[in-house]
Number of protein chains: 2
Amino acid sequence: MEQQNVYDGYAYMNNVPWALIRSFLAVVEAGSLSAAARELEVSQPTLSRNIQLLESQTRLNLFKRTSQGLMLTEEGKVLVESAQQMKSASETFVRQVSGLSTELKGEIRISANEIVGIYLLPAAIAAFRKRHPAVQIEIVISNRASNLNKREADIALRMFRPTQPDLVARRLTDMPLGFYAHQSYLDEYGTPESFDDFKLHTLIGFDQNRDFIDGAGAMGYAFSNDDFELRTDNLILQIQLARQGCGIVGTHVALANECPELKRVLEWAPIPALEFWVVCHADSQYNARIRAFKAHVIDWFADDPYRGLGLRNTLH
Amino acid sequence: MEQQNVYDGYAYMNNVPWALIRSFLAVVEAGSLSAAARELEVSQPTLSRNIQLLESQTRLNLFKRTSQGLMLTEEGKVLVESAQQMKSASETFVRQVSGLSTELKGEIRISANEIVGIYLLPAAIAAFRKRHPAVQIEIVISNRASNLNKREADIALRMFRPTQPDLVARRLTDMPLGFYAHQSYLDEYGTPESFDDFKLHTLIGFDQNRDFIDGAGAMGYAFSNDDFELRTDNLILQIQLARQGCGIVGTHVALANECPELKRVLEWAPIPALEFWVVCHADSQYNARIRAFKAHVIDWFADDPYRGLGLRNTLH
DNA sequence: CTATGGTTATCCATATAAGGATATGGAACA
DNA sequence: TGTTCCATATCCTTATATGGATAACCATAG
């Protein structure tokens, strides 16, 4: 300490290891190295060296050593407040970690259409339950918008942005769509070359659901229910009909790719991808289970909406 | 990651090493382990392990690994803010360290009376100048209160609390006083047994300065200038007179102890110790030199106002 | 006055963490 | 397609920090 010379080496540390600041504050608050060592669950020699290191790196006499502990110097006092702010922030960090990693239990209801519910959700749910085995999950398969306001579900996976203001939605990666038909169908009825040709073909479409008609309308193509000769709101059934050569279906590219017998038609057509949203009620944001599952879904489907869709999940 | 099991070991860390949080934030801000490693000046494997450690200790998947870096998960996002607060506080800490350890230069004027200036200040100044060699120090010896308002001095060491409101004062450890006389004087004139006996003795006192008279008056003893047959405002001269057997002097116990020929009288008397104050103008608080010297003085004289008063500093 | 219980600093064997080299994988691009 | 570049994770050696034991110091109590 006496040989401390302001000239030997000069760069004042601007990269003080945070552990040293933590040690500093612990000693300040505990009043002695020994007490601080017990507090931090390290040994007293470690703290002694940490303080020496901090003092040499800062070139400050932070403490006055006595036989009863370490007393802050005037210079040391200046640094206490910022160190306390660090500690306070670190406690917030740890508190939030605990909140995030708490073992959740209880039940959540998830609403999704057939495609998502049957082909995409299972893998996501399996991963979620590894982290939170005590959370029971009920899946409501529905291609109608389950009414989150009436708590028919806690979380919904939807293909459109919800309009109700008290719902919180987050868009996931869009799902590309395409038109497909069985090779045998094309052999028999020809391959459409434009949307106008659709009028001459058997289209597989929705019954009540008007999403396709409205979407096509927005793109300038007028379709009506009558243009669809095979109608069902069950998305999987639509695909199965196409696989049997009944007609042309618009469906997920990723799903159709799992069925080699389906051939894509109008591949050049600019069909907008299907949006993919996860939605929950605004109040649910404060429910740990729901928040955790929503976060999980966002991460899970972050860059591949078809994650987990593999050989084991084909349509066979 | 897949074998992560919520049951094997369960205690969630509440003692997360701060270095891990620092690594976490660095990766968040840099976007990749490699970039963060460059930022923190550590190696990439170190950061990789730090993040793995943090994830295992928190049991959270904080990042999603891609070939372009690490992407925060939803859970990780929650923790960013508190980590940033830690960083911000640490930057404040470092900034204040720099402020404190900056090489100061310039000049400061210190005012002190003879005793303090000649016997106590030199050691304190020597220590200060080891840390700040570029600070020039002018010492104004004066037992009158130097007028800090008129900037006759930047810092004053005084024996009383200043009354001006725009001065900032800090009390140091009091200095015990006692009455002393040379043995030869006591042999010739006898030893006083009470303050009343002082009327029969030769007292060495102040000329202009009324501190002693006022202080004694406050204790119920009425003295006037006429009671002092030897008067000087120079404190050292007072002692030297006593050492020559001229009379009785009231002075610092610590100083008189350095003169073996001086014998204490009225040792039982409850003489209040002399206060010891360091004072500067309120505006000077923002002057780094002055603030640093004041802090140094406070630490230096923290528990021993006579620190540095040794054999080399005796009155001989 | 000595004994005790507290403190800090130092020594040294050891456990821990760091970094260099490397394998690997994906993205961008010619 | 193949090359290049930039990522991460792992291996293994080396460097670093840790903790137990200890000595010295001081305050306090018996």
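Naming: A, B, ... by sequence-line order, numbering from 1 per chain.
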(request) For residues 86-95 of chain A, pull every pair meeting salt bridge (charged side-chain N to carboxylate O under 4.0 Å, His left out), keeping only residues two or more places apart or in separate chains. (result) A:Glu29-A:Lys87

(request) State, to the nearest 10°, the angle formed by the axis through the first five base pairs of the helix from C:dC1-D:dG30 to C:dA30-D:dT1 and the axis through its last five. (result) 20°

(request) Using the closest heavy atom to pick a nucleotide of DNA chain D for each, name whichever of B:Gly31 or B:Arg49 lands nearer the 5' end. (result) B:Gly31

(request) Begin with the C-alpha distance, continue with both residues' side-chain angles, and end with the deciding distance and a verdict on side chain to side chain contact (heavy atoms under 4.5 Å, CB included) for B:Leu47 and B:Val42. (result) CA-CA 7 Å; B:Leu47 269 190; B:Val42 296; 4.0 Å; yes

(message) Return a single string for nucleotides 24-30 of chain D, one symbol per nucleotide in 5' to 3' order, where B is base contact, S is sugar-phosphate-only contact and - is none, cutoff 4.0 angstrom on heavy atoms.
(response) --SS---

Suppose we screen for side chain to side chain donor-acceptor pair (under 3.5 Å). Which residues come up paired with [X], at least two apart in sequence or across chains?
X        : result
A:Asn50  : A:Ser23
A:Thr92  : none
A:Thr251 : none

(message) Reading DNA chain C from 5' to 3', where do the contacts with chain B start and stop? Cut-off is 4.0 Å to heavy atoms.
(response) C:dA18 to C:dA27

(request) Apply the side-chain contact (heavy atoms from CB on, under 4.5 Å) test between B:Met175 and each candidate in B:Val253, B:Leu255, B:Leu120; give the one that qualifies. (result) B:Leu120

(request) Taking atom types as modelled, find out whether B:His252 and B:Tyr306 have a side-chain donor-acceptor pair closer than 3.5 angstrom. (result) yes

(request) Assess whether side chain to side chain contact (heavy atoms under 4.5 Å, CB included) is satisfied between B:Leu33 and B:Ile51, documenting all intermediate values. (result) CA-CA 9 Å; B:Leu33 292 181; B:Ile51 298 300; 3.8 Å; yes

(request) Give, for atom CZ of B:Arg22 and atom CG of B:Leu54, the distance between the pair rounded to the nearest 0.5 Å. (result) 15.0 Å

(message) Applying ring-ring contact (aromatic ring centres under 6.0 Å, His included) as the test, list every pair that has at least one member in residues 26-60 of chain A; sequence neighbours left out.
(response) none

(message) Per the ring-ring contact (aromatic ring centres under 6.0 Å, His included) rule, what does the pair list look like for residues 34-75 of chain B, sequence neighbours excluded?
(response) B:Phe24-B:Phe63

(request) Using ring pair (Phe, Tyr, Trp, His ring centres under 6.0 Å) as the criterion, list what pairs up with B:Phe128, not counting sequence neighbours. (result) B:His132, B:Phe293, B:His296

Expressed as a whole number of angstroms, how long is the span from [X]:[atom1] to [N]:[atom2]?
X       : N      : atom1 : atom2 : result
B:Lys64 : D:dA9  : NZ    : P     : 13 Å
A:Leu47 : D:dA17 : CG    : P     : 15 Å
B:Phe63 : D:dT8  : CZ    : C1'   : 13 Å

Enumerate donor-acceptor pairs with a distance under 3.5 Å from any side-chain N or O in residues 76-83 of chain A to protein atoms, sequence neighbours excluded.
{"residue": "A:Lys77", "atom": "NZ", "partner": "A:Glu74", "partner atom": "OE2", "Å": "3.0"}
{"residue": "A:Ser82", "atom": "OG", "partner": "A:Leu79", "partner atom": "O", "Å": "3.2"}
{"residue": "A:Ser82", "atom": "OG", "partner": "B:Gln96", "partner atom": "OE1", "Å": "3.3"}

(message) Quick check on contacts: within residues 34-46 of chain A, what sits under 4.0 Å from DNA chain D by heavy-atom distance?
(response) A:Val42, A:Ser43, A:Pro45, A:Thr46

